[in-house]
Amino acid sequence: MQASERYGTRVPSELVALGLKNREVADAIGTTEHVVKNYLRVIYDKLGLWNRVELALWYEARRHEQQAGA
């Protein structure tokens, strides 16, 4: 089972967008900080992002698009 199947992209991205640290994200989803760091690297690579600030901005932009379309 891949990380995206266990956690989904939304949950860690949402928690990062809320300003949680890796340790706090790990506690929230029931895993280790190391797993969160690796998972975020995969998300950054897939989305073409460099850091958690860009991820938070990306997440917020998508959230607003969904709200506007609803």
Side-chain angles (χ1 to χ4, degrees):
M1 182 182 302
Q2 294 181 351
S4 62
E5 294 170 345
R6 284 181 287 190
Y7 312 124
T9 302
R10 183 178 169 266
V11 173
S13 301
E14 181 177 9
L15 297 175
V16 168
L18 291 172
L20 273 65
K21 297 177 182 173
N22 290 347
R23 171 95 245 76
E24 296 167 327
V25 173
D27 291 342
I29 63 176
T31 191
T32 65
E33 184 176 4
H34 180 75
V35 169
V36 171
K37 286 180 183 180
N38 287 334
Y39 187 68
L40 289 175
R41 270 191 231 120
V42 169
I43 292 173
Y44 298 157
D45 288 344
K46 285 185 177 185
L47 298 176
L49 305 174
W50 289 95
N51 56 46
R52 66 193 310 112
V53 172
E54 288 184 349
L55 178 61
L57 293 171
W58 177 89
Y59 178 81
E60 286 299 317
R62 296 309 164 282
R63 190 170 68 91
H64 289 294
E65 285 175 5
Q66 288 178 350
Q67 287 176 350

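Every pair tested for salt bridge (Lys or Arg N to Asp or Glu O under 4.0 Å) that includes a residue from residues 16-28 fails, sequence neighbours excluded, so the list is empty.
Remark: Val42 pairs with Lys46 by the side chain to side chain contact (heavy atoms under 4.5 Å, CB included) rule, at least two apart or across chains. Among residues two or more places apart in sequence or in another chain, the side-chain hydrogen bond (donor to acceptor under 3.5 Å, both in side chains) test is passed with His64 by none. Evaluation of the salt bridge (charged side-chain N to carboxylate O under 4.0 Å, His left out) rule for Arg63 yields Glu60 as partners, not counting sequence neighbours.
Both Leu18 and Leu40 are part of a single hydrophobic cluster, where members link through side-chain heavy atoms under 4.5 Å apart. Tyr59 and Val11 fall within a single hydrophobic cluster, where Ile, Leu, Val, Met, Phe, Trp and Tyr side chains are chained together by heavy-atom contacts under 4.5 Å.
For the pair Ile29/Leu15, a side-chain contact is recorded, criterion being any heavy-atom separation below 4.5 Å from C-beta on.
Counting all heavy atoms, side chain and backbone alike, Ala56 lies closest to Ala17 at CB-CA, 3.7 Å. Listed here is the closest heavy atom pair of Ser13 and Ile43: OG-CD1, 4.1 Å.
Shown are Asn38, Thr32, Thr31; of these, the side-chain hydrogen bond (donor to acceptor under 3.5 Å, both in side chains) with His34 is made only by Asn38.
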Atom pairs and distances, donor-acceptor, side-chain atoms in residues 47-55, under 3.5 Å, two or more places apart:
from, atom 1, to, atom 2, distance (Å)
Asn51, OD1, Val53, N, 3.1
Asn51, OD1, Glu54, N, 2.9
Arg52, NH1, Asn22, OD1, 2.8
Arg52, NH2, Leu20, O, 2.8
Arg52, NH2, Asn22, OD1, 3.4
Glu54, OE1, Trp50, N, 2.6

